[in-house]
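Heads up: the structure comes next, in C-alpha cells.
Just follow the structure's listing: the first ligand is 1, and inside any ligand the first atom is 1.
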Amino acid sequence: MRPAEVAVQYVRCDEAPAPGPWLAESELAELARWHAQQRRVQFLAGRLAAKELVRELLGQSSVELAAIEIRSQDGRGRGVQPALRVAGQPGPFRLSIAHTARGAVAAASLRPAWGIGVDLVPRDLEARNLARAWFTPAEVQWLAGGRGYGPAAIWAAKEAAYKAAGGGEPFRPRCIQIYPLAGGRLAARLHGPTAGPLVEIYIEALDGHLAAVALAVPVPAPQGAGGGHHD
Ligand SMILES: CC(C)(COP(=O)(O)OP(=O)(O)OC[C@H]1O[C@@H](n2cnc3c(N)ncnc32)[C@H](O)[C@@H]1OP(=O)(O)O)[C@@H](O)C(=O)NCCC(=O)NCCS
C-alpha cells in the first residue's frame, strides 16, 4: 500500500502537450538538450505529471504551470535529482520522475527531509539479463526461491532507491542491495563509505507498468557522534 507521505501522478506519453508557455525558460533549455523525439516526448510527459502533482498538492489550481519549475540537469547537463521551485522559491516537496515509451510518472515526498525516488518499467520487461549482470548474489538467491517479486520489480526498486538516496554518486546497481520486508514491501541498503538513510520501497501496478517508489528516511546520527542533524 502506498505510504501516506507519498503522492504519485501518471501521464501517458500520447497525452504530452507540445512545448510551450506552460514550461519555464530553464525547462525549455533542458528540453533542447534532448534530440531524440521519443525522449523529448518522455521529458514533456514527465514535466506535465510533476507540475500537475505539485499544483494539486499545493491546493492552488490557479497557479500557472510555468511558475512550477522543475530542473533535472546540472551545469554540465548531467542528470540529477529534480529540483522544484514555485514562483521562484524553493518548493515544499521532494520530487522524482521516471518514464517509458508509454508513460511518465512523478512522485512527491510530502516530508521535505525524506528523499523520494520513482522508477517505471513495463510489466512484461524481460529482466533476466539485467539480473545476471547487475544483481547481487543475495538477490539472485532470493529470486531463485521463486517467492515474491520478479527481476523487473527488483530492477525498478534499485533505480528508485538510487534516485531517492544516491547522493550525487553515479548509479552502480550492484552497490544497492534490495531485500524483502514483511507485508510485501521491499527495502534497500546502499553500500558506501557512510551509513545511508533507511530506504523503504513499495511496488504498484500502473497502466501496464510496475512502478517502484522509494522513500529514504534519514537515520539520526548516534548521540555524541557529532556531524549534522536531520529535521
Ligand atoms: C537516474 C538514472 C539511473 C535513470 O535513468 P533512466 O532509466 O534512463 O531514466 P528514468 O526514466 O528511470 O528516469 C529519468 C528521470 O530521472 C531523473 N534523474 C536523472 N538523473 C537523476 C539522478 N542522478 N538522481 C535522481 N533522479 C535523476 C530525471 O528527472 C529524469 O527525467 P528527465 O530528464 O525527463 O527530467 C540515470 O539517468 C542515471 O544513471 N543518472 C545518473 C547520471 C549521473 O551520473 N549524474 C551525475 C551524478 S548525480
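Looking at Gln42 next to ligand 1, no N or O pair under 3.5 Å apart turns up. At least one N or O atom of Gly79 sits closer than 3.5 Å to an N or O atom of ligand 1.
Within ligand 1, counting atoms from 1 as listed, the ones closer than 4.0 Å to a heavy atom of Phe43 are 34 (O). Close approach of ligand 1 to Arg39 is summarised as follows: ligand atoms under 4.0 Å from at least one heavy atom of the residue are 31 (O), 32 (P), 33 (O), 34 (O).
For Asp119, every heavy-atom contact with ligand 1 shorter than 4.0 Å involves the side chain, none the backbone. By the criterion of a heavy-atom distance under 4.0 Å, the side chain of Arg47, and not its backbone, is placed next to ligand 1. Neither the backbone nor the side chain of Glu30 has a heavy atom within less than 4.0 Å of ligand 1.
In this structure, atom 38 (C) of ligand 1 has no protein heavy-atom contact shorter than 4.0 Å. Protein heavy atoms all stay at least 4.0 Å away from atom 9 (O) of ligand 1.
Residue contacts with ligand 1: Gly166 is excluded, as none of its non-hydrogen atoms falls under 4.0 Å. The closest approach between Pro82 and ligand 1 falls below 4.0 Å for a heavy atom of the residue.
Gln42 contributes no side-chain N or O that, together with a main-chain N or O of Gly103, makes up a donor-acceptor pair within less than 3.5 Å.
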